[in-house]
Each structure stands twice: as structure tokens, then as C-alpha cells.
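First the structure, in the form of C-alpha cells, and then the observations on it.
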Amino acid sequence: MNTFSTHSPVAVMEGFPPSSESRITPHNWHEPAFLRWSLMHRSVQVPSVSIWRGDGPASALPEASQDLDALPVPALDGSPTSLRSMLKQLEVDAFLVMHRGRIVYERYFHGMQPHTLHGTASISKSFMAMLIGILQGQGVLDLEREAQHYVPEMRGSAMGDATLQQLLDMQAGIQRPVMTGRDGTIGQQDGGVYEILGLLPSNPDAPADFYDFVLRKLRSGQHGRRFYYDNGTVEALAWIVRRATGRTIADLYSELMFMPLGAQRDAYITVDRLGAEFTSGGLATTLRDMARFGEMLRNDGYWNGRQIVPEAFVAATRRGGDREMFAATARHAVMPTGSYRNCFFHMHDDMEGFAASGRYGQRIYVSPRAQLVIAQFSSAGGAPPPHPFDGPTATLQHALATSFVNELAVVSG
């Protein structure tokens, strides 16, 4: 493990009380000077609930450290650079590589530490998908059932007659209502969740809570005909899970995922005014616990001496989704052979790569062929996805996987 600190040109939340110019507000948290602090302290900004890790020991993460700082990788412009330099270019806060179940490289930047809880953004969706896979395996959920079967209030809404599998694959025939008065760097993709949480000032267009958010979605065509990436499908699934189990998502995460994973620290998830968790983007956890999650997926859902997610669900996830639907979207430029299945992006490449991906540069990448897992936290501000860094990040992941297959396997073995 290696750490170093850098300092933003703007002091953030400095002083007791913080000076007015250094304070995080609903108007500046997404700006580059403030974003990093926001992602590492989201529970200070908005309400959240804890996800208990349990009282057992953390699961072992063996180490076989290698100094990969100087490893040649492609830079943002495609020219050769070192891994260390590339991580700086990508605004990475923390980066961990596991090979064959052992940590071979771990770096922390910008004041990030192994115990720091960092926002995962849309990686939250992938955790939610695995929870649904567990509940399917228990017989609680049927993925071929329509949403309205579990939540009658969704009958007649845009997603009411979508199946759970269509929601998991972002194939609901919906579109998001237009949000007026938005900063261009925020965009429309979140659909109003920032207003729900209080991260942005509320306005008449904004939904009141995540239940209202689900019901406000507009219908656009038939389900199962196109890939449309939207937070609403996952929030609809969360409503279904709460109704089917009679429990909160935070409690289910604790019992069915974080305890079995042997997480090193309690996580948290942000909530709305009614206590509903922001399941499409509100999870915060440590880098090593993200790596545990990725390693569990690499091992077909098995980790820490038990089958956490049913092997069949993980196998279906790893096969990927409809590539023709994916090719019709802007994300195709980043992943030309890609697809989307169960809230994971799939590369369909020679490394068999698939990834959980979140805004501002959050990633969990798994390459079964290279026996590799990469966990990454970043604070790369700017335009809504696809972000200019998304392509270079995918290239870096593939380059590292290829290196371990071709050159480093013997060293780490």
C-alpha cells in the first residue's frame, strides 16, 4: 500500500466553522474544486443510514505486492505513460489490483485512506442487482414477473408492466421527464435524484421522494426493445424488494452481503425524506470492500467460505446482454463490442472483462481470463456519462489484464 496527499487550490470545509468560500453547498459540490471532498463526505451533506458489517472478523485479503508504478500503459491520448502517471491523469483517489485472489497493487491519493468511505455512484446499481440475485435464489423474487405484481401502486405507471429482468437490464420503455434550470455539468441523467436528496435546490419539476420518482417516469415505446440507462429502473426494483421482503435495503445489504463478504467497515447509503435508500447511486464503502465484492464475482459468487450470490445468477450476469441494443447508444463509442446485463457493463473482449461503473470514475473491473479484479475510486468531474475518461479507463483495464495474462502471471503466481 502507498499513499500521498495533494491539496486542492481551494480549501474545502476548512476552519471551525468553515469559511464561507470553503463551504460545500447545493450550488458547488459538483464543481472540480469541491467534488472530491463531497464524494468522501457525502453523509455530512445529506441523510444516510449505516450498513452494518456485523461483528465478525474481516475476510482475509492476502498480499503479494508488486511495484507497478512504472508499468507502461496507454495515456489519455494513447501515448505510452506509466501506471502512476495515468492514475493521476484520471483523477483517481484510490486504486487496487487483485490477481489470483491476492492484492498486488494498492495506492491511495488526495488524502484517501484504506478506511475512507467513498461514494460509489452507479456501482450501487450493481450491488442492488446482486441482492436481487440472492432473493431470486431464495424464491422471494421471480425475475419474469412484472413490477406491478409486487407493487400494485405501479399499475398503470410507465414501469408497472416491465419485468424485473427488463428493469435489471435497462430495457424498460421509459424516458425521464425534463428537469429545468439544470447546470450543464450536472445534466439530466439522474432524473431528479439530486433534488430528492437535497444535493440540488428543489424546484417544481423535482420529485418529492424515490417512490414519486418511480411513478413520474414517462412511457416511451415497448419494454424489451431498447437499452435506456436510467436510475428509475433500479429505484423501482428497490421498491419491489422492500415490499416483497418487508425490510429496508440497508438491513438486507447487511445480512445478505456485507456480513457474508466479511467487510472491513460499515458502509452507508444515502436516503430520502421517507428513509428510502438511494439504491441507484447512494452507496459508500471502502476500496478493499469493493475489491471483496469484485473477487466474489470473479469466483462465481463464492467468497469467504460460502456461496453469497447464486452461481447461476452470476453466470447469467457474466454472459452479458443484448449487444445490438447497446450498439444503438452513445456508450457504444466507449465499448464498441459492449452490452449490459444485471447492472453490469460487458466488454465481450479477449479478457472476458465486465465492470460495475459509476459516475466520476468509480469502477469495479473483473477479468476472469486474467484472474484479475480492479477497484477504483475517482473524482473526475465534468460532463455527464459517457465521460471523456470512460474510454481511456476501459483501455487501461484491458491493458492491465493483458499484462497479467502475458507477462506478470508467473511473477504473481
Side-chain angles (χ1 to χ4, degrees), residues 1-2 59-76 78-90 92-109 114 123 126 287-304 314-315 317-320 334-338 344-357 361-378 389-413:
M1 182 180 68
N2 183 278
S59 58
L61 290 177
E63 298 187 33
S65 297
Q66 299 179 36
D67 185 0
L68 304 181
D69 285 342
L71 182 73
V73 297
L76 288 176
S79 62
T81 190
S82 68
L83 176 58
R84 180 90 167 195
S85 174
M86 184 57 173
L87 297 183
K88 183 176 181 180
Q89 292 177 47
L90 293 173
V92 168
D93 297 326
F95 195 81
L96 186 152
V97 179
M98 293 188 72
H99 185 228
R100 297 179 179 171
R102 292 177 287 182
I103 296 174
V104 296
Y105 185 77
E106 185 176 15
R107 296 290 185 266
Y108 295 88
F109 313 108
I123 286 177
S126 305
L287 185 70
R288 285 194 168 203
D289 287 340
M290 282 228 300
R292 287 180 169 92
F293 182 76
E295 187 66 10
M296 179 268 293
L297 295 172
R298 187 184 74 83
N299 287 286
D300 305 311
Y302 185 88
W303 174 254
N304 199 25
V314 176
T317 302
R318 285 168 51 161
R319 283 195 295 270
V334 176
M335 287 180 283
T337 59
F344 279 83
F345 291 93
H346 300 263
M347 291 69 177
H348 299 284
D349 60 14
D350 58 336
M351 293 296 111
E352 304 170 354
F354 65 101
S357 177
Q362 323 318 321
R363 295 291 188 278
I364 302 173
Y365 170 81
V366 181
S367 169
R369 183 183 172 201
Q371 302 178 64
L372 192 76
V373 171
I374 299 172
Q376 172 182 312
F377 283 134
S378 301
F389 288 178
D390 288 350
T393 297
T395 300
L396 171 63
Q397 293 163 348
H398 184 269
L400 288 172
T402 303
S403 293
F404 275 87
V405 166
N406 294 341
E407 301 172 21
L408 301 177
V410 174
V411 176
S412 64

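Everything quoted here is computed from the prediction, not taken from an experiment.
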Inset, instruction - Decide whether Arg292 and Ser59 meet the rule of one side-chain donor and one side-chain acceptor closer than 3.5 Å. - result: yes

Inset, instruction - Taking His346 for its side chain and Thr317 for its backbone only, find out whether a donor-acceptor pair lies under 3.5 Å. - result: yes

Inset, instruction - Assign the ring pair Phe354 / Phe344 to parallel, tilted or perpendicular, where the plane angle (0 to 90°) is split at 30° and 60°. - result: perpendicular

Inset, instruction - Considering non-hydrogen atoms only, spot the tightest contact between Glu352 and Arg369 and give its length. - result: OE1-N, 3.2 Å

Legend entry - Residue pair Pro74 / Thr81: nearest heavy atoms and the distance that separates them: C-CG2, 4.1 Å

Legend entry - Stepwise side chain to side chain contact (heavy atoms under 4.5 Å, CB included) test for Tyr105 and Leu71: CA-CA 11 Å; Tyr105 185 77; Leu71 182 73; over 6 Å; no

Legend entry - Euclidean distance, Ile374 CD1 relative to Leu400 CG, rounded to 0.5 Å: 4.5 Å

Legend entry - Validation row: Arg318, Asp300 side chains within 4.5 angstrom (heavy atoms): yes

Legend entry - Check: Val366 and Leu372 side chains under 4.5 Å, non-hydrogen atoms: no

Inset, instruction - State, to 0.1 Å, how close Ala291 and Ala375 come at their nearest heavy-atom pair, and which atoms those are. - result: N-CB, 4.1 Å

Inset, instruction - Could you walk me through whether Leu61 and Met98 pass side chain to side chain contact (heavy atoms under 4.5 Å, CB included), step by step? - result: CA-CA 9 Å; Leu61 290 177; Met98 293 188 72; 3.8 Å; yes

Inset, instruction - Please say which of Leu96, Thr393, Ile123, Ile364 ends up in a side chain to side chain contact (heavy atoms under 4.5 Å, CB included) with Gln376. - result: Thr393

Inset, instruction - Supply the atom-to-atom distance Glu295 CD to His99 NE2, rounded to the nearest 0.5 angstrom. - result: 10.0 Å

Inset, instruction - Taking the side chain as every heavy atom from C-beta outward, state whether Leu287 and Tyr108 have any atom pair closer than 4.5 Å. - result: yes

Legend entry - Distance (rounded to the nearest 0.5 Å) between Tyr365 OH and Leu396 CG: 10.0 Å

Inset, instruction - For the pair Arg363 and Asp93, find out whether any cationic side-chain nitrogen is under 4.0 Å from an anionic carboxylate oxygen. - result: no

Inset, instruction - Under the side chain to side chain contact (heavy atoms under 4.5 Å, CB included) rule, what do Val373 and Val97 come out as? Steps first, then yes or no, please. - result: CA-CA 6 Å; Val373 171; Val97 179; over 6 Å; no

Inset, instruction - Would you check if the side chain of Arg102 reaches a backbone N or O of Ser65 as a donor-acceptor pair within less than 3.5 Å? - result: no

Legend entry - Value rounded to 0.5 Å, distance of CG in Leu83 from CZ in Arg107: 8.5 Å

Inset, instruction - To the nearest 0.5 Å, tell me how far Ser126 OG sits from Leu297 CG. - result: 8.5 Å

Legend entry - Spatial distance of atom CE (Met296) from atom CG (Asn304) [nearest 0.5 Å]: 11.0 Å

Inset, instruction - Could you check Arg84 against Phe109 for side chain to side chain contact (heavy atoms under 4.5 Å, CB included), going step by step and ending with a plain yes or no? - result: CA-CA 11 Å; Arg84 180 90 167 195; Phe109 313 108; 4.0 Å; yes

Inset, instruction - Write down the atom of Gly353, the atom of Asp349, and the distance for their closest heavy-atom approach. - result: N-OD1, 3.1 Å

Legend entry - Ser367 (side chain) donor-acceptor with Met351 (main chain) under 3.5 angstrom: yes

Inset, instruction - In plain terms, say whether Glu106 and Arg288 are close enough for a salt bridge, that is, a side-chain N and a carboxylate O under 4.0 Å apart. - result: yes

